[in-house]
Amino acid sequence: MTAVIESTALQRIEAVMASRDVAAIVIGPGADLVALTGYRAHASERPTVLVARADGEHALVVPALEAPTARAGAVGVPVQAYAEGADPYAVIGTALGDLAGGASVGIGDQLWAATLLGLQQQVGSGGSAPHWFAASRITREVRMVKDAAGLDGLRRAGQAIDQVHRWMGELLRPGLTEAVVGQRIAAAMADTGHARAAFTIVGSGPNGASPHHETSDRVIEVGDAVVVDIGGPVDGWFSDCTRNYVVGHAPDGYDEAFAVLHAAQRAAVAHVRPGVTAASVDAAAREVIDAAGYGDAFIHRTGHGIGLEVHEEPYIIDGNDLVLQPGMTFSVEPGIYLEGRFGMRIEDIVAVTDDGHERLNTTDTSLVTLPA
Ligand code: ZN
Ligand code: ZN
Ligand code: ZN
């Protein structure tokens, strides 16, 4: 990403703060800090915080020994270093400036509790205390809608994970354990540009019915259905894609359920466009699965936003009346889970475009039969 784009995020957050009567937000290491400044800080007992103020007087407060990396990594914000042994909270308090009693100050969701407690001691309590709130209410406004660089990053991550799925015929073989297949997938992810495998779900046979099963020592056999849900960061942007495989042949009852799931996922993707609600995308998938009698087996929301984190807003779930806008990116991943038998989930990442959607995963969503 370019410097221009990163400083734009900080300017956008200023505007959101001003419109909501928020004085400042205090952000620790994590995805919010990367989104606003580009700086990939590590969290430690020496606090690193971005103080972003509605009046544009921002500061990145860092320990002196990390000042060089902060200056190199952070764009559009002055770095204020505190010496080893000095009180970081005095520096953070100065960066916050004179707050009126009851001023609204947002705290990053991933700021360490110890840092918040130190900050609260510094800036007073009782009548003069600020009104603290979760800064995600503010940062979500910037992070939910991706700019061109973010969309490009997610597109490249999608292409990388698609390539790993194309190799599944070599990676996933009967006689191997799920754990070994997971290791082979992780190596393939590294080969395609992933910095790491954030998760490698290989759910074979009955294990597929547990949506967040990772891997186990179960040996994959001919006749197994296998759910493969894999993802990780490529240049900081996350991939996340689920496809379904059977070894040799599908188990009894599988094909009927898969046809329903396939239709449901296609209906939900087709529904994605600006102006519809997140809840309506969930409903588009759920109606198909309910109508076929598998409603009780679809036990999770239809999707989650994705970007610098694998799960972020917007959540594609019943009750979320958020209206979709161009630039929003999220998964569409309905599933059917039959305990003791098998499970299945089809997952694509999609981006909302000006007049519809773009699938960022482009491999076929059909069931793949691998040789026995
Ligand atoms: Zn999940
Ligand atoms: Zn997934
Ligand atoms: Zn997902």
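Values reported hereafter were calculated over all heavy atoms of this structure, with side chains retained and with hydrogens, waters and symmetry mates removed. From a predicted model like this one, the values you see are computed outputs, not experimental measurements. First listed ligand is number 1; within each ligand, the first listed atom is number 1.
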[X] atom (N/O/S) at minimal separation from the Zn ion (ligand 3):
X: Glu333; value: OE2
X: Glu347; value: OE2
X: His304; value: NE2
X: Asp240; value: OD2

Problem set entry | Residues in ring pair (Phe, Tyr, Trp, His ring centres under 6.0 Å) contact with Tyr89, at least two apart in sequence or another chain |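 If we apply the ring pair (Phe, Tyr, Trp, His ring centres under 6.0 Å) test to Tyr89, skipping adjacent residues, there are no hits.
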For this session: Report the residues that fulfil ring pair (Phe, Tyr, Trp, His ring centres under 6.0 Å) with His300, sequence neighbours left out, ordered by chain and then residue number.
Result: Phe298, Tyr337
For this session: For residues Ser216 and Asn207, determine if any side-chain heavy atom of one lies less than 4.5 Å from a side-chain heavy atom of the other.
Result: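 With C-beta onward as the side chain, the pair touches.
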Problem set entry | Hydrophobic cluster membership, Ile349 vs Phe330, 4.5 Å side-chain cutoff |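 No, because Ile349 and Phe330 fall into different hydrophobic clusters, even though each may have its own neighbours under 4.5 Å.
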For this session: Find, among atoms of Asp229 that are N, O or S, the one nearest to the Zn ion (ligand 2), and state its name.
Result: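 Relative to the Zn ion (ligand 2), the closest nitrogen, oxygen or sulfur of Asp229 carries the name OD1.
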Problem set entry | Short N-O contact, Arg301 and Asp318, less than 4.0 angstrom | no
